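Heads up: the structure comes next, in structure tokens.
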Amino acid sequence: MTATPLAPHENLQGRHFLDLGEFQQAELRALVRLARELKSEGAASASALLRGRTLALLFEKPSLRTRVSFEVAVSSLGGQALFATGSEMLVGTRETPEDAARVLSRYVDAVVVRTHEHEPLERFAAAAGVPVINGLSALYHPCQAFADVLTMEERFGSLEGLRVVYLGDARNNVATSLAQAVVMLGGSMRFASPLSHRPSEATLERLAKLGASSGGRVRAFTDPVRALRGADVVYTDVWTSMGEEHLHERNAAMLLPYAVTERSFTYTAPHAVFMHCLPAHRGQEVAAAVIDGTRSLVFDQAENRLHAQRALLVALITDGKGTSL
Ligand code: CP
């Protein structure tokens with residue numbers, strides 16, 4: 001294959017992937033470049049990059065996209081995946097996250113963890129001797145944001161100056177990781193939510209700092225129309241995150257004005273697209289006419305989970321020796 005080599009400062013071998021905010025802009029750009037190259041080259045030329053390597057997936061929560069795309073990614077690169085959930089994993093319950101991490105580091109080459117809380121994941125990673133990937137935690141969903149950057153670059157060429165609006169629960173993990181990626185790459189991130197679902201001032205300050213070197217900007221609005229004006233990308237997610245089902249009725253009432261409908265696109269740029277990480281609820285956070293319409297990129301996003309994660313595994317697990325990486 002003809003992938004562009006990672007420059008020395010972009011070498012990510014052995015790193016954890018828990019929070020995009022811990023990465024440099026050049027590192028994120030390198031990952032996206034690698035994902036584009038692996039996608040355009042197809043699977044055959046990369047089919048031995050992870051030969052003999054094993055990826056463990058430890059999931060406390062349900063998943064379709066994250067689980068299957070990682071399993072397909074590792075097998076397409078010549079490695080194998082092991083999946084554990086429910087009573088088989090129980091990191092932090094049956095044993096400490098540190099003990100589980102030390103044990104698994106002797107069996108496998110990398111671990112993807114999907115947790116309810118973020119803190120056990122941090123503890124697990126701190127004790128692990130192999131790369132640990134956040135497959136979604138209470139705070140972040142960096143794998144989703146990485147795939148979303150790939151999708152936006154494919155459509156718009158670059159995120160520089162791109163106006164991305166997130167409507168709904170703007171405090172959630174998907175919104176936070178998306179915003180990190182957008183501001184790191186020079187885009188303009190706008191949240192539209194009621195005050196109750198607005199990111200904290202600390203989060204907004206961190207995002208502003210993260211975008212300082214690239215010209216990325218962040219603003220939070222309560223008026224969805226003001227946020228939507230001139231937008232290139234309109235993004236939403238479910239109104240109630242996994243584990244917060246008891247809040248669903250309250251959230252549905254509060255977030256109804258932030259639902260994405262065909263009317264939302266009367267305020268955006270004419271070429272604006274719709275994005276959603278899925279799973280989606282038609283008639284709640286998004287109208288069926290939008291998610292199933294011509295503006296929707298949701299299945300490109302879902303496909304790009306696979307390409308992004310192939311790049312992530314190659315970059316974190318291998319040194320590229322014996323390949324053109
Ligand atoms: N978007 C996403 O993470 O999907 P899953 O919950 O199905 O993995």
Side-chain angles (χ1 to χ4, degrees), residues 17-20 31-32 35 39 55-76 81-86 88-89 91 110-118 121 132-152 154 164 166-182 233-245 247-248 251 260 273-282 284-286 290-292 296-313:
F17 191 73
L18 305 184
D19 167 10
L20 275 184
L31 278 173
V32 175
K39 182 175 180 178
L55 177 70
L57 297 138
L58 307 183
F59 279 36
E60 282 180 359
K61 292 175 161 183
S63 169
L64 175 68
R65 280 145 289 273
T66 307
R67 175 185 176 176
V68 176
S69 56
F70 265 115
E71 291 199 14
V72 174
V74 72
S75 74
S76 76
L82 302 171
F83 181 75
T85 191
E88 288 168 337
M89 51 108 47
V91 170
V111 186
V112 183
V113 184
R114 173 169 282 210
T115 57
H116 289 287
E117 300 304 326
H118 189 72
L121 172 62
V132 176
I133 297 168
N134 180 356
L136 183 143
S137 69
L139 297 185
Y140 305 114
H141 199 353
C143 295
Q144 182 67 51
F146 175 15
D148 292 342
V149 167
L150 183 59
T151 308
M152 288 186 275
E154 285 174 346
V164 181
Y166 183 99
L167 292 101
D169 183 355
R171 306 160 308 169
N172 83 10
N173 41 22
V174 170
T176 303
S177 291
L178 173 74
Q180 290 175 324
V182 169
V233 177
V234 179
Y235 201 121
T236 192
D237 188 9
V238 293
W239 283 340
T240 303
S241 297
M242 281 184 271
E244 296 186 351
E245 286 76 10
L247 300 175
H248 180 70
N251 285 345
V260 180
V273 296
F274 173 71
M275 296 181 70
H276 190 307
C277 60
L278 303 178
H281 298 97
R282 289 166 177 78
Q284 294 183 31
E285 75 272 8
V286 59
V290 172
I291 193 168
D292 298 322
S296 177
L297 300 186
V298 299
F299 298 110
D300 294 329
Q301 287 177 260
E303 179 189 331
N304 281 337
R305 296 292 307 274
L306 172 62
H307 305 298
Q309 283 153 198
R310 292 176 81 224
L312 191 60
L313 294 174

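Quick caveat, the model's predicted, so the values are computed rather than measured. We count ligands from 1, going down the list as the structure has it; atoms in each ligand are counted the same way.
- Not close to ligand 1: L136, with no non-hydrogen atom less than 4.0 angstrom away.
- For the residue pair Q309 / S69, a side-chain donor-acceptor distance below 3.5 Å is found, with atom types taken as modelled.
- Contact annotation for V174 and ligand 1: no heavy atom of the residue comes within less than 4.0 Å of the ligand.
- The shortest N or O to N or O distance between C277 and ligand 1 is under 3.5 Å.
- Remark: minimum distance from atom 4 (O) of ligand 1 to any protein heavy atom is reached at R65 NE, 2.8 Å.
- Only the side chain of R114 comes within 4.0 Å of ligand 1, counting heavy atoms alone; its backbone N, CA, C and O stay farther away.
- Note on ligand 1: H141 sits in its first shell, one or more heavy atoms being nearer than 4.0 Å.
- Of all atoms in ligand 1, numbered sequentially from 1 with element shown, those under 4.0 Å from a heavy atom of L278 are 1 (N), 2 (C), 4 (O).
- Around the CD atom of E154, the shell of radius 6.0 Å holds more than 12 heavy atoms that belong to other residues, nucleotides or ligands.
- For R305, the heavy-atom gap to ligand 1 drops under 4.0 angstrom.
- Checking S137 against N134 by side-chain atom types alone, a donor-acceptor pair falls below 3.5 Å.
- Counting heavy atoms under 4.0 Å from ligand 1, residue Q144 touches it through the side chain alone.
- For the side-chain contact (heavy atoms from CB on, under 4.5 Å) with C277, the qualifying choice from Q144, R65, H141 is Q144, the only one to do so.
- Polar contact check, T66 against ligand 1: a nitrogen or oxygen pair lies under 3.5 Å apart.
- Exactly one of L82, V74, V111 qualifies for a side-chain contact (heavy atoms from CB on, under 4.5 Å) with L55. That residue is V74.
- Side chains of N304 and T151: a donor-acceptor N/O pair is present below 3.5 angstrom, by distance only.
- Using a 3.5 Å distance cut-off with no hydrogens or angles, the side chains of S76 and R310 do pair a donor with an acceptor.
- Side-chain atoms of N172 and D237 include a donor-acceptor pair closer than 3.5 Å.
- Considering only non-hydrogen protein atoms, atom 7 (O) of ligand 1 sits nearest to L64 N, 2.7 Å.
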